[in-house]
Structure formats: structure tokens, C-alpha cells
*Asks:* 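The following block contains the structure, expressed as C-alpha cells.
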2 protein chains.
Amino acid sequence: MSPTQFFKCLSDDTRLRCVTLLQKEGKLCVCELTTALALSQPKISRHLASLRQCGLLQDSREGQWVYYQISAKLPDWAIPLLNNALAAVEQSDLFKSDLERLQQMINRPDTQMCC
Amino acid sequence: MSPTQFFKCLSDDTRLRCVTLLQKEGKLCVCELTTALALSQPKISRHLASLRQCGLLQDSREGQWVYYQISAKLPDWAIPLLNNALAAVEQSDLFKSDLERLQQMINRPDTQMCC
DNA sequence: CTTTTATATATGCTTATACGTATATTAAGT
DNA sequence: ACTTAATATACGTATAAGCATATATAAAAG
């Protein structure tokens with residue numbers, strides 16, 4: 001992955017929010033991301049697929065769920081960029097809402113459904 | 001300027017090369033950038049204009065020449081990202097060639113013309 | 001084996017990007 | 001004034017991005 005491609009990955013709100021959420025939380029399934037960002041499942045899925053194809057994310061299936069995380073094979077130069085991207089995004093209200101919806105979802109004991 | 005806009009600025013080869021050259025060299029005029037990147041003047045000029053409109057660059061006219069540099073009013077979160085970007089790009093052969101052409105141009109005493 | 005949940009992809013469409021070429025503008029020199 | 005160098009913009013076009021909606025696949029549950 002080239003630096004230009006890397007920046008293109010982060011140049012869309014949906015993708016940037018997914019990547020920074022994963023950078024902060026480590027590992028999330030598609031429906032968690034869908035709920036956190038409050039966007040349609042196909043939209044999230046499409047962006048995750050493109051991030052995976054670029055090599056920024058990797059996925060792993062666990063039963064019905066597909067979990068995404070930051071790829072373990074990222075080039076060295078990408079790591080500090082991701083950390084600083086997270087620092088830049090964390091301040092925003094949009095990202096705070098994402099985190100809040102994610103927490104609400106995790107702290108909900110009333111159902112075995114994911115979403 | 002939002003983080004997303006910032007990353008969009010760096011998501012194109014021409015713009016990324018301009019920005020990292022300016023990050024390294026401090027201040028360059030359009031024809032120096034045109035020569036360094038070995039691209040057409042309108043192409044460089046158009047990208048510089050878009051970077052200026054985003055607030056990533058600022059320009060200053062000195063006689064015939066218009067100099068561009070990284071904006072002094074960048075948000076705090078952008079500075080480390082620009083340094084990371086430079087570190088990521090500096091390794092590439094493309095960027096090394098840009099620097100080389102720039103040096104050749106500066107060390108050329110045979111003409112008063114810029115380009 | 002049908003249903004449900006989770007995820008992925010296809011289709012049709014609209015908008016945004018990037019480009020080359022031509023031309024306009026601005027400043028300086030003659 | 002006229003010319004030249006430096007820079008900016010306009011125009012037409014080709015391609016890519018992004019979206020909503022519908023549909024397909026995959027795994028688990030009943």
C-alpha cells in the first residue's frame with residue numbers, strides 16, 4: 001500500500017470513522033460498526049471491503065460474525081499515521097457519538113442479538 | 001479543515017508530492033514545483049490552488065513568482081500528521097527524484113530564468 | 001428444511017475528480 | 001507599448017466514487 005492509497009482510505013468520513021474506531025477498540029464486527037456509525041449495513045460493508053482490499057484492514061469470521069481489525073501487516077510508516085489520525089478524530093463530536101452508541105450496544109444485556 | 005478533508009488533500013500523488021516537498025523545503029514557487037515534479041504547469045497550479053482553498057497551503061507573491069508553503073494556521077492535530085507523511089514519502093524513489101531535480105535547478109548558475 | 005441473523009455483492013444512477021489543451025492574467029524587461 | 005516569463009483559470013471529457021435499493025450468500029437456530 002502506497003502513502004497515497006493510505007490517505008485515500010482515510011479521505012472519506014465513513015472509512016475514517018471505521019478505521020479510527022477499530023484503531024481505538026481493536027476488533028469489531030460489521031453490525032457493531034453499523035450500529036456505532038448509525039449507517040446502513042451495505043454502506044459499511046462496502047467501505048470495509050475496500051479497506052480490506054487495500055490492506056489496511058483484515059477480517060476474520062467467527063460463526064455468523066465477521067470481525068474487522070487494523071491489519072497486522074501494515075508498513076512501518078503507517079503506524080504513527082494511524083495513531084495521529086486517531087488523535088485528530090477523537091476530539092470530534094461525530095466520533096464521540098460513535099463511541100457512545102458502541103458502548104450502549106455493548107452494555108445491553110437484554111438480548112442475545114448483536115444488532 | 002476537517003481530518004477527512006486533510007486526508008483527501010494527501011490522497012493524490014501530485015498533491016502529496018507538493019505538500020511533502022514544501023514540508024521539507026519550506027517555501028517553493030510554482031515553477032520550482034513544476035520542475036521538481038516534472039509535470040505540466042497547469043496541473044501543478046490547479047492542485048496548489050485546491051490545497052490553498054482547503055487551507056493546507058498559503059501563497060505569497062514576490063514579483064512574478066508565487067511562493068507556496070504549509071499554512072501557518074493549520075490546526076494542531078495536522079502538524080504531526082504532516083511530519084508522518086513526510087517520513088512515509090521520503091523513502092520513495094519518486095520523492096528522491098523530485099528532490100534531485102529541485103537541487104539541480106537551484107545549483108544551476110547559467111541563467112537568471114527560474115524554469 | 002425453513003427461518004432468521006449477519007454479511008456481501010450487484011445494479012443503476014448521480015456526482016466528484018483529474019486531465020489535457022487552450023487561453024487569460026499579472027509582472028517585468030526592453 | 002510590446003514582449004516574455006510566471007501563474008491561473010476555463011472548457012470539454014473521461015473516469016472514479018459514492019449512494020440507495022434490491023438481492024445473494026453463509027451460518028446458526030428452530
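The chains referred to below are lettered A, B, ... by the order of the sequence lines, with proteins before strands, and numbering in each begins at 1.
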*Asks:* Donor-acceptor pairs are to be reported for all side-chain atoms of residues 51-59 of chain B against protein atoms at under 3.5 Å, with residues two or more places apart or in another chain.
*Replies:*
residue, atom, partner, partner atom, Å
Arg52(B), NE, Asp59(B), OD2, 3.4
Gln58(B), OE1, Ala72(B), N, 3.0

*Asks:* Measure CG/Leu39(A) against P/dT7(C) and give the value in whole Å, please.
*Replies:* 15 Å

*Asks:* Using a 4.0 Å heavy-atom cut-off to protein, can you give one letter per nucleotide of nucleotides 15-30 of chain C, 5' to 3': B if the base is in contact, S if only the sugar-phosphate is, - if neither?
*Replies:* --SSBBBB----SS--

*Asks:* Nearest-Å distance, CZ (Arg52(A)) to C1' (dT7(C))?
*Replies:* 11 Å

*Asks:* Give me the residues of residues 25-34 of chain B where at least one heavy atom lies under 4.0 Å from an atom of DNA chain D, by number, or none.
*Replies:* Cys29(B), Val30(B), Cys31(B)

*Asks:* For Arg61(A), which residues count as a side-chain contact (heavy atoms from CB on, under 4.5 Å) partner, sequence neighbours excluded?
*Replies:* Val66(A)

*Asks:* Scan for side-chain hydrogen bond (donor to acceptor under 3.5 Å, both in side chains) pairs involving residues 70-91 of chain B, sequence neighbours excluded, and state none if there are none.
*Replies:* Asn84(A)-Asn84(B), Gln23(B)-Asn83(B), Lys24(B)-Glu90(B)

*Asks:* Take atom CG of Leu37(A) and atom P of dC19(D), then tell me their distance rounded to the nearest Å.
*Replies:* 12 Å

*Asks:* Who pairs with Cys29(A) by disulfide (SG to SG under 2.5 Å), at least two apart in sequence or on another chain?
*Replies:* none

*Asks:* Taking CD from Gln53(A) and C1' from dT9(C), how many angstroms apart are they, rounded to a whole number?
*Replies:* 11 Å

*Asks:* I'd like to check the salt bridge (charged side-chain N to carboxylate O under 4.0 Å, His left out) partners of Arg101(A); sequence neighbours left out, ordered by chain and number.
*Replies:* Asp98(A)

*Asks:* Are OP1 or OP2 of dA6(C) and a side-chain N or O of Tyr67(A) less than 4.0 angstrom apart?
*Replies:* no

*Asks:* Considering only residues two or more places apart or on different chains, which pairs with a residue in residues 3-13 of chain B satisfy side-chain hydrogen bond (donor to acceptor under 3.5 Å, both in side chains)?
*Replies:* Thr4(A)-Asp13(B), Asp13(A)-Thr4(B)

*Asks:* In whole Å, I'd like the distance from the CD1 atom of Ile44(A) to the C1' atom of dA6(C).
*Replies:* 14 Å

*Asks:* Which residue pairs pass the salt bridge (charged side-chain N to carboxylate O under 4.0 Å, His left out) test with at least one member in residues 27-44 of chain A, sequence neighbours excluded?
*Replies:* Lys27(A)-Glu62(A)

*Asks:* Distance check, rounded to the nearest 0.5 Å: Leu33(A) atom CG versus Leu28(A) atom CG?
*Replies:* 5.0 Å

